[in-house]
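Below, chain A is the first sequence line, B the second, and so on; all start at residue 1. Computed from a predicted structure; not experimentally measured.
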There are 2 protein chains.
Amino acid sequence: MTDTAPSAEPRSGPYICGIDAAMDVVSGKWKSLILWELDAGTRRFGELRRGLPGVSEKMLIQHLRELEYDGLVHREVYREVPPRVEYSLTELGRELNAALEPLAEWGRRRIDRIGAERVELPATG
Amino acid sequence: MTDTAPSAEPRSGPYICGIDAAMDVVSGKWKSLILWELDAGTRRFGELRRGLPGVSEKMLIQHLRELEYDGLVHREVYREVPPRVEYSLTELGRELNAALEPLAEWGRRRIDRIGAERVELPATG
DNA sequence: CGGAATCCACGCCGATACTG
DNA sequence: CAGTATCGGCGTGGATTCCG
């Protein structure tokens, strides 16, 4: 709790408008990507980790916790050996993802416009 | 140029998907708000500054430059005394703003859902 | 008016090591 | 497997000062 204090803080400061209320929630290097992954279906921690090449455990769990705190992601723990934890989108999360879709489309067209600095990546999709 | 190196770097690294290509462009504390302000019409530097309560000149100019570099904002200089500079959206910027609208709507409903930590602000709109 | 330059604090994020 | 703890770099953003 000394570093990067992830959990249980009432964020959602005084928002100027809807945009920053939404940006607040998706800001973070991997958050929108996590949402995107989860939109395809329920995922275990390790699956998410493998699906997001380059993410560290710390950032993944931190972003997951914040997403959970913000009511976008549901965390289900199965007390087994070995332990299993499954993450899925809540209804609010699915709504956010839907709202993100036009932005994603804009981004795709923008990449096309700039013209391919992009390299081939495993999870390009 | 020693600090916070704002301008003229070919960002747009290898994007995983459209979402982070878009997020890359709007990430920054004030960027989406600047876009939002400019969507209402052409603005001078000082007008933007007053319209974004809390922003510093440094961050405003820095974000403006990045937005300009990314082709979202047009900067028009009028060599007069006193000097005048006007900022406006490009076509790409207007398209981005349109793509941002569903997200803004989601945000507004989210604010409503959380239930009003928000305080009254001048530019609330 | 519209910046540029500098200093500095804080928080994001990565790497590594350890635990149940 | 699914985290937790800690350290540290570095980028982001704030405050202040100066310039054309």
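Look at CD on Glu47(A): it is 12 Å from C1' on dC1(D), rounded to the nearest Å. The separation between Phe45(A) atom CZ and dG20(C) atom C1' is 15 Å, rounded to whole Å. Following rounding to the nearest Å, Met59(A) (CE) and dT6(D) (P) show an atom-to-atom distance of 18 Å. Between the CD atom of Gln62(A) and the P atom of dA5(D) there is a distance of 13 Å, given to the nearest Å. Following rounding to the nearest Å, Glu86(B) (CD) and dC1(C) (P) show an atom-to-atom distance of 15 Å. Look at CD1 on Ile61(B): it is 18 Å from P on dA15(D), rounded to the nearest Å. As rounded to whole Å, 13 Å separates atom C1' of dA9(C) from atom NZ of Lys29(B). Rounded to an integer number of Å, the gap from Arg75(A) CZ to dA2(D) C1' is 8 Å.
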Does the side chain to side chain contact (heavy atoms under 4.5 Å, CB included) test come out yes or no for Met59(A) and Lys29(A), once each step is laid out? CA-CA 9 Å; Met59(A) 291 320 300; Lys29(A) 192 171 183 181; over 6 Å; no
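A heavy-atom distance below 4.5 Å is not found between the side chains of Trp30(A) and Leu60(A). With a 4.5 Å cut-off on side-chain heavy atoms, Phe45(A) and Ile61(A) count as touching.
A distance of 9.5 Å separates CG of Leu89(A) from CD of Glu91(A), quoted to the nearest 0.5 Å.
At least one side-chain nitrogen or oxygen of Arg65(A) sits closer than 4.0 Å to the OP1 or OP2 atom of dG3(D). The phosphate of dC1(D) (OP1 or OP2) has no side-chain N or O of Arg44(A) nearer than 4.0 angstrom. Here His63(B) does not reach the OP1 or OP2 of dT12(D): none of its side-chain N or O atoms lies under 4.0 Å away.
In terms of heavy-atom proximity, His74(B) sits nearest to Thr90(B) at N-CG2, 3.9 Å.
Using a cut-off of 4.0 Å between Lys/Arg side-chain N and Asp/Glu carboxylate O, Glu105(B) and Arg108(B) are scored as not salt-bridged.
Near DNA chain C, meaning a heavy atom under 4.0 Å away, the residues from residues 77-85 of chain B are Pro82(B), Pro83(B), Val85(B).
Take Arg44(B) and apply the salt bridge (Lys or Arg N to Asp or Glu O under 4.0 Å) test, not counting sequence neighbours, and it matches no residue.
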